[in-house]
Amino acid sequence: MLTDDTDKTIRILVIDDDALILHATSQTLRSAGYEVIEALTGREGLRLATEIIPELILLDVELPDLHGFDVCRSIKADPALAHTYVMMISGIKIKSEHLVEGLEIGADDYVVRPVPNRELLKRVQIALRIKQTEEELKQHRDQLEQLVEKRTAELQASNAQLQQEITERKQIEDKVNKLALAVEYSPSMVMITDSNGIIEYVNPRFVEITGIPAQTITGKNANTDLGLPTSATDDQAALWNKVRSGQLWKGEFHNKRHDGTFYYEEASIAPLTDESGRITHYIKIANDITERRQLESQVRQSQKLDALGTLAGGIAHEYNNILAIIQGYGDLLLSRLPENGKEKHYVEKIREAGKRAVDLTKQILTFSQMDSQKLRVQYLTPLISESLKMMRATLPVTIDIQHNLDPGCSPILADSSQIHQVLVNLFTNASHAMETTGGVLKISLQEKKHHNTQEVLPKLKTDTFLKLTVQDTGCGIPSEDQEKIFDPFFTTRQVGQGRGFGLSVVHSIIEKHGGAITVESVINQGTAFHIYLPISHETVHEAQEKKKQERSLYQGKGHILVVDDEEALVVIHEALLTDIGYEVTSFTDALEALAKFQESPSRFDLVFTDFTMPHLTGDQLSQQLLKIHPDIPIIMATGYSSMISKEKAKSIGIREFMMKPIDNDQLVATIQKLLNA
């Protein structure tokens with residue numbers, strides 16, 4: 001049994017609303033020989049405290065009826081309980097201001113769960129020792145008071161002074177104890193040195209952040225022995241000159257942990273002086289801001305990316321207008337040339353080059369996040385071959401490219417520019433993995449059939465698919481990182497060597513194509529990405545024939561108002577639509593178009609307008625037209641604009657929103673759909 005000098009069993013009151021925790025805590029204390037009284041509520045705890053006057057109270061902060069702080073105030077306000085040691089316990093990680101508040105209301109200690117039994121018992125022993133010391137001080141004070149009463153009148157003045165000194169000393173001791181606890185359990189790193197910079201103390205948080213044991217660092221010079229890097233805002237000499245002159249220094253350090261890794265800390269260093277004003281110590285309080293710096297860096301990277309995307313989109317807008325003219329006139333020429341003539345072959349070559357330029361523009365728009373998928377039936381082998389040709393010039397000669405592409409693979413339904421983006425990202429990643437050692441880049445493509453596909457790859461909704469594998473013999477990916485490689489901004493490369501979202505873009509594109517992607521990797525042996533894409537049951541030839549048949553069925557009927565500030569595009573659209581039977585009225589000035597529409601709104605059946613135009617933008621024109629004729633169907637097109645989107649256009653009342661350059665068949669099909677609705 002744990003008892004004091006009078007053989008009285010030490011009583012501890014435990015107040016906690018969690019019965020399991022209450023029971024566990026009580027068992028721990030009873031096993032150590034203490035008498036334990038339990039209370040599940042604050043009011044019950046106050047009642048028991050006044051009845052039994054315990055030596056120590058373990059008080060939960062969160063109680064169902066009274067907050068722990070209020071219970072503590074009531075205990076400390078009761079003269080009979082004023083000297084009872086109160087140890088508050090919190091189940092959550094507390095902020096320093098909450099800790100200070102708890103101590104200021106009278107709590108003698110503040111503990112954060114979970115607390116190992118051994119630590120709890122040690123804290124209780126220390127608390128009882130402190131209480132015993134305080135009681136002994138009180139006994140000594142009482143004895144002194146009795147002696148004072150017996151002393152003569154001449155000693156009354158000196159006795160009063162002695163009493164005052166004792167009181168002040170106790171207050172100082174209490175304050176020191178509280179401050180010591182606050183420093184010991186502070187969420188900030190605390191270091192105290194002597195006047196020469198020799199380290200005398202570091203708190204547990206310092207040890208936790210730096211990994212340097214307290215006994216290792218104590219006695220070393222904070223300026224030289226540790227080799228601390230220069231502050232981000234001052235050099236070491238300026239720092240010490242400032243604090244030695246009695247001023248507070250604030251700034252940042254780029255410091256090294258015990259394991260050799262670096263971290264950023266935000267710190268303040270202040271001198272401590274004695275009664276004469278002489279500097280005796282320095283205290284440094286610091287917080288680890290590495291994560292905050294990383295987030296700030298990511299935000300800056302994201303802002304740069306957004307600005308670059310906006311610039312790229314603006315260029316793509318102008319480029320799309322030019323491509324729309326080339327493609328439009330090419331289509332018009334093809335429809336007027338003999339089937340087997342050389343001229344038609346030449347125009348087809350022009351259109352092929354134009355299509356490659358369109359694909360390049362789509363990649364720019366994909367980067368600027370303004371492009372949408374345009375899927376068509378196509379073979380994957382030519383796409384891979386073209387991407388390999390492009391990448392061969394950029395890959396180091398130390399990388400050997402090997403490929404095994406089955407020419408008999410079925411086609412897929414895909415957006416060629418986005419598949420190209422996937423391939424370039426994977427080839428680039430493989431190159432980075434082998435940039436120091438060289439190696440082999442293997443690409444294989446096979447058609448597969450699996451009867452249990454959805455069990456193995458639940459996101460793949462078909463049993464027949466193409467399996468594309470991109471494999472390298474590089475450094476590999478650690479197993480703990482393999483689940484995170486598709487997360488946005490995750491990267492194992494240094495800052496400035498990559499944005500960390502290439503693989504997340506790959507993952508997004510493959511999923512949008514109805515496919516799946518997996519990874520296998522072994523450190524120092526290499527990595528293999530496996531891509532699974534559902535095949536299309538429609539052949540490329542069938543898709544082309546279907547498109548020709550649909551084109552031959554086009555027969556327009558109605559009056560269309562065409563508005564675009566590019567005169568060449570107006571000519572193309574007018575020729576295209578009149579060829580299949582539509583009546584067309586066109587303008588290159590939006591204000592003139594609006595005036596014409598106001599004259600006779602019922603004359604027009606549909607409006608096709610550009611977005612970016614002088615005097616009146618496409619959305620502004622559309623709003624005016626809809627005020628005059630609310631039911632008029634409107635199609636709006638744009639090469640790129642950060643000011644308009646499909647959703648915004650729909651909210652205005654615009655029926656369809658199209659991105660330039662516009663495929664003629666797509667435009668005609670959209671017009672017929674709206675007019676036949």
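We're numbering straight along the sequence, starting at 1.
Legend: salt bridge (Lys or Arg N to Asp or Glu O under 4.0 Å) pairs involving residues 18-33, not counting sequence neighbours, sorted by first then second residue: Arg30-Glu38.
Here Phe427 pairs with nothing under the ring pair (Phe, Tyr, Trp, His ring centres under 6.0 Å) rule; sequence neighbours left out. A search for side chain to side chain donor-acceptor pair (under 3.5 Å) contacts involving Asp60 returns nothing, not counting sequence neighbours. Take Glu184 and apply the salt bridge (charged side-chain N to carboxylate O under 4.0 Å, His left out) test, not counting sequence neighbours, and it matches no residue. In this structure Glu119 satisfies the side chain to side chain donor-acceptor pair (under 3.5 Å) test together with Arg123, sequence neighbours excluded. Legend: residues meeting side chain to side chain donor-acceptor pair (under 3.5 Å) with Thr527, ordered by chain and number and at least two apart, are Ser521. Applying the ring pair (Phe, Tyr, Trp, His ring centres under 6.0 Å) rule to Tyr264 yields the partners His254; only residues at least two apart in sequence or on another chain are considered. Qualifying salt bridge (charged side-chain N to carboxylate O under 4.0 Å, His left out) partners for Asp194, counting only residues two or more places apart in sequence or in other chains: none. Applying the salt bridge (charged side-chain N to carboxylate O under 4.0 Å, His left out) rule to Glu35 yields no partners; only residues at least two apart in sequence or on another chain are considered. His67 is linked by a ring pair (Phe, Tyr, Trp, His ring centres under 6.0 Å) to Phe69, counting only residues two or more places apart in sequence or in another chain. Asp16 pairs by the side chain to side chain donor-acceptor pair (under 3.5 Å) definition with Arg113, not counting sequence neighbours.
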Atom pairs and distances, donor-acceptor, side-chain atoms in residues 171-183, under 3.5 Å, two or more places apart:
unit_1	atom_1	unit_2	atom_2	d
Glu173	OE2	Arg169	NE	3.4
Asp174	OD2	Lys170	NZ	3.0
Asn177	ND2	Glu173	O	3.2

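Side-chain contact of Asp274 with Thr280: a donor-acceptor pair under 3.5 Å is absent, judged by distance alone. In this model, a donor atom of one side chain and an acceptor atom of the other lie less than 3.5 Å apart for His530 and Glu520. No side-chain donor from either of Glu266 and Asn287 sits under 3.5 Å from a side-chain acceptor of the other.
Under the 4.0 Å criterion applied to side-chain N and carboxylate O atoms, Glu135 and Lys138 are not assigned as salt-bridge partners.
Taking the six-membered ring wherever Trp is involved, the centroid distance between the rings of Trp240 and Tyr282 falls below 6.0 Å.
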**Q.** side-chain contact (heavy atoms from CB on, under 4.5 Å) evaluation trace for Thr428 with Leu426
**A.** CA-CA 5 Å; Thr428 302; Leu426 293 180; over 6 Å; no

